[in-house]
*Asks:* 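Here it is, the structure in full.
In what follows, every chain begins at residue 1, and chains take the letters A, B, ... in the order their sequences are listed.
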There are 2 protein chains.
Amino acid sequence: MGKLERHATIADVAALAGVSVGTASKALNGRGSLREETRMRVREAARQLSFEANAGARSLHSGRTYTVGMITTDTIGRFSIPVLMGAEDALGAGEMSVFLCDGRDDPIREQYYVKTLLSRRVDGMIVTGRRTEARAPIGANLPVPVVYAFISSADPGDCSVVPDEAGGARKAVEHLLAVGRTRIAHVTGPEHHNSARVRAAAAAERLAEDGLSLVAPPLFGGWSEVWGRQAVGILLAGRSEFDAVFCGSDQIARGVCDALRAAGRRVPQDVALIGFDNWDVMTEACQPPLTSIDLDLEGLGRSAAEMLLAAINGSPSPGRHAHPCRLVVRESTTMPLP
Amino acid sequence: MGKLERHATIADVAALAGVSVGTASKALNGRGSLREETRMRVREAARQLSFEANAGARSLHSGRTYTVGMITTDTIGRFSIPVLMGAEDALGAGEMSVFLCDGRDDPIREQYYVKTLLSRRVDGMIVTGRRTEARAPIGANLPVPVVYAFISSADPGDCSVVPDEAGGARKAVEHLLAVGRTRIAHVTGPEHHNSARVRAAAAAERLAEDGLSLVAPPLFGGWSEVWGRQAVGILLAGRSEFDAVFCGSDQIARGVCDALRAAGRRVPQDVALIGFDNWDVMTEACQPPLTSIDLDLEGLGRSAAEMLLAAINGSPSPGRHAHPCRLVVRESTTMPLP
DNA sequence: ACCGTGACGGCAATCGTTTTCCTAGTTTCC
DNA sequence: GGAAACTAGGAAAACGATTGCCGTCACGGT
């Protein structure tokens with residue numbers, strides 16, 4: 001199992017095939033005018049030496065590396081993964097590779113990564129993060145295009161692709177209305193999170209369009225199941241009746257669901273329940289399975305990557321682009337057919 | 001906001017500083033013998049042009065790229081992330097960057113990535129995956145060192161770093177024995193998963209050392225909460241009493257917990273409960289919080305990366321290395337102090 | 001006045017590929 | 001039979017950075 005085979009160079013290939021380096025290069029890249037027999041001979045030699053052209057040397061000429069950098073603002077997590085996968089997907093199709101850099105919420109670390117990526121001559125960068133908050137641009141006047149995905153840049157001229165959270169919240173409310181609920185409560189994450197505020201506001205707005213309002217002010221807390229359970233206590237102690245709860249996350253929804261059941265309220269008969277994020281772990285384990293809003297992060301990542309590719313090819317798409325959310329209906333808002 | 005600044009080359013820097021290219025290079029890298037004033041002048045020019053040396057061109061000389069490739073066998077997921085982060089951590093300290101490639105369980109795709117990484121002249125590769133099963137080596141006689149992390153290579157000569165699942169299972173059983181439980185049931189994942197078999201076998205073995213055995217044969221099923229709930233039905237219908245359940249995953253444990261409570265059994269008073277994976281989402285939301293076995297995936301990733309670095313520097317560590325698991329005690333096995 | 005010796009920097013080779021230009025042959029056509 | 005028109009493939013100049021080798025000063029000692 002000797003791992004010591006040196007990397008073959010095109011000179012090795014040329015020597016084995018009995019041609020000059022230039023000719024070997026042409027043979028392998030389909031350039032120039034060569035006899036088919038020569039081409040084959042070179043290809044065979046390359047195969048035999050398992051030759052792979054040195055991408056670094058190659059990019060010296062083309063000026064392109066077919067590589068993009070991906071920087072996470074905070075840490076690689078549940079939200080960045082799908083974005084990452086979507087991006088990887090779209091870029092892979094364009095034969096590009098991805099450099100992954102985990103910023104860990106440390107600006108020094110982040111700047112270090114930006115420099116590293118630039119020195120590696122990436123063709124572009126994608127910046128992502130765990131929260132949808134706007135953030136300071138990663139650099140000014142960078143020599144390569146940058147796209148912000150999920151998170152957005154504070155500079156409105158930068159290209160950002162963000163989930164349409166307001167639209168998602170509206171869809172949630174519309175769905176509850178469609179299944180006949182009108183007395184809706186809202187339990188969500190901390191008020192200092194942009195996501196919590198935006199979703200709450202959009203929900204209220206959508207209700208207002210039908211002349212309705214939330215049965216109580218939104219309950220801001222954490223994103224956890226524990227908070228969901230606590231919130232039910234608050235709701236039940238309050239004086240307003242409710243027939244649906246729109247939750248800011250699936251974890252909250254699950255907590256709400258468990259607590260409602262413990263309190264003797266049936267889901268969905270007595271209270272319809274809808275979450276946010278469409279996280280399979282929660283939606284499937286919930287009893288009953290949870291209706292939720294899917295951010296389509298993979299699609300978002302793909303879309304961001306496509307915009308980056310376009311920008312690399314000279315057609316940037318500056319500005320903020322909202323990526324639509326999808327409603328996924330399960331039994332927490334509708335009874336299964338018998 | 002012009003993004004059009006070309007990348008400065010060292011020739012630009014040299015011209016601006018009024019020296020030759022070679023001298024500029026020496027100035028920036030602290031080589032040769034130059035007047036301090038000259039050095040400063042060059043550095044200033046470089047700063048002014050925000051010059052970053054082209055890593056590709058540079059590696060042409062050094063033969064090293066300070067880059068490693070990371071390939072996931074299946075998909076990037078809950079298990080690969082911490083491994084990835086740990087690796088990124090250890091490599092970042094060595095000033096190396098990580099190329100991420102998502103294999104998606106497709107051998108073609110995987111081989112394509114191996115070729116890409118080789119052409120990019122990575123200094124080494126890390127292979128990881130979602131399951132601990134052994135897999136076919138990613139290639140034979142590769143010109144760079146490879147380390148398998150979490151997943152292991154079927155070739156015993158390859159370097160693999162895997163969690164010590166058997167050790168973890170033993171720790172779980174030991175803990176249950178330590179808190180006075182002797183009638184232990186085991187609910188775990190599908191029997192065709194290596195992890196499920198290994199953990200079950202190790203648990204039985206550890207019990208046997210104390211002259212005990214599981215109250216019933218291990219219940220193999222899925223890794224989900226739903227299965228955990230179903231399994232409780234089976235256990236309660238069976239004729240053997242039990243005072244503890246060791247679960248193959250935290251999700252199973254949570255399902256078991258919910259179902260036990262619904263059946264009127266108290267955790268931990270009547271039944272102590274321990275999970276596996278120490279997944280915060282589950283352990284924290286569980287009522288009561290769940291004792292679990294932590295695979296220390298981040299440590300494992302770090303360790304794998306360190307072995308890779310060592311191998312790159314000429315000191316490989318062939319063979320299979322077991323990374324220890326940790327017991328994390330919470331209230332599902334011990335009452336809180338009053 | 002001459003030589004030796006550092007100090008300072010320039011020159012050019014080198015890394016692996018691509019690409020442009022050019023030179024031999026071979027056809028083809030009148 | 002000779003010139004034009006191709007064809008196949010070689011030679012060499014890029015690309016950007018590093019580095020060993022050398023030339024050129026200035027200075028000090030004899």
*Asks:* Hey, are A:R135 and A:D158 close enough for a salt bridge, meaning a charged N less than 4.0 Å from a carboxylate O?
*Replies:*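 No salt bridge links A:R135 with A:D158.
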
*Asks:* Want to settle it: does B:T38 or A:I10 sit nearer the 5' end of DNA chain C, counting the closest nucleotide to each?
*Replies:* B:T38

*Asks:* State, to 0.1 Å, how close B:P163 and B:L295 come at their nearest heavy-atom pair, and which atoms those are.
*Replies:*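 Where B:P163 meets B:L295 most closely, the heavy atoms are CB-CD2, 3.9 Å.
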
*Asks:* Do NZ/NE/NH1/NH2 and the carboxylate oxygens of A:E36 and A:R43 come within less than 4.0 Å?
*Replies:*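 Between A:R43 and A:E36 there is a salt bridge, with a charged N closer than 4.0 Å to a carboxylate O.
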
*Asks:* Atom CZ of B:R6 to atom P of D:dC15: distance rounded to whole Å?
*Replies:*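 Taking CZ of B:R6 and P of D:dC15, I get 10 Å after rounding.
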
*Asks:* Measure CG/A:L118 against P/D:dG16 and give the value in whole Å, please.
*Replies:*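 So the two atoms are 16 Å apart, to the nearest Å.
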
*Asks:* Mind checking the OH-OG1 spacing from B:Y148 to B:T132? Nearest 0.5 Å is all I need.
*Replies:* 15.5 Å

*Asks:* Would A:D12 and A:R6 pass as an ion pair if we require N to O under 4.0 Å?
*Replies:*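 Yes, charged N to carboxylate O under 4.0 Å.
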
*Asks:* Starting at NZ of B:K26, measure out to OG1 of B:T38 and round the result to the nearest 0.5 Å.
*Replies:* 11.5 Å

*Asks:* Please give, in whole Å, the distance from D:dA13 C1' to A:L60 CG?
*Replies:* 13 Å

*Asks:* Which part of the nucleic acid, if any, lies within reach of A:S59 when heavy atoms closer than 4.0 Å are counted: base, sugar-phosphate only, or nothing?
*Replies:*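 Contact class for A:S59: none.
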
*Asks:* Rounding to an integer number of Å, can you tell me how far A:R58 CZ sits from D:dC15 P?
*Replies:* 18 Å

*Asks:* What are the bounds, 5' to 3', of the part of DNA chain C that sits under 4.0 Å from heavy atoms of chain A?
*Replies:*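 First and last nucleotides in contact are C:dG16 to C:dT20.
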
*Asks:* Go through the structure and list residues passing side chain to side chain contact (heavy atoms under 4.5 Å, CB included) with B:N313, not counting sequence neighbours.
*Replies:* B:R64

*Asks:* Kindly write out the residues that satisfy salt bridge (charged side-chain N to carboxylate O under 4.0 Å, His left out) with B:R41, not counting sequence neighbours, or none if the list is empty.
*Replies:*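 Counting only residues at least two positions away or on another chain, B:R41 forms a salt bridge (charged side-chain N to carboxylate O under 4.0 Å, His left out) with B:E37.
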
*Asks:* Could you give all pairs that pass the ring pair (Phe, Tyr, Trp, His ring centres under 6.0 Å) test and reach residues 62-91 of chain B, with sequence neighbours left out?
*Replies:* B:F79-B:F150

*Asks:* Once you round to the nearest 0.5 Å, how far does CD of B:E95 lie from OG1 of A:T116?
*Replies:*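 The CD atom of B:E95 sits 7.5 Å away from the OG1 atom of A:T116.
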
*Asks:* Can we say B:R104 and A:D89 salt-bridge, meaning some charged N sits less than 4.0 Å from an Asp/Glu carboxylate O?
*Replies:* yes

*Asks:* Rounded to whole Å, please give me the gap between NE2 in B:H7 and P in D:dA17.
*Replies:*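 Nearest whole value for this atom pair: 10 Å.
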
*Asks:* Would you mind classifying the nucleic acid contact of A:R39 as base, sugar-phosphate or nothing, using non-hydrogen atoms under 4.0 angstrom?
*Replies:*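 No contact at all - A:R39 keeps every heavy atom at 4.0 Å or more from the nucleic acid.
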
*Asks:* Can you build the contact string for nucleotides 19-27 of chain D? Use B for base contact, S for sugar-phosphate-only contact, and - for no protein heavy atom under 4.0 Å.
*Replies:* BB-------

*Asks:* For the helix from C:dA1-D:dT30 to C:dC30-D:dG1, how many degrees between its two end axes (five pairs per end), to the nearest 10°?
*Replies:* 70°

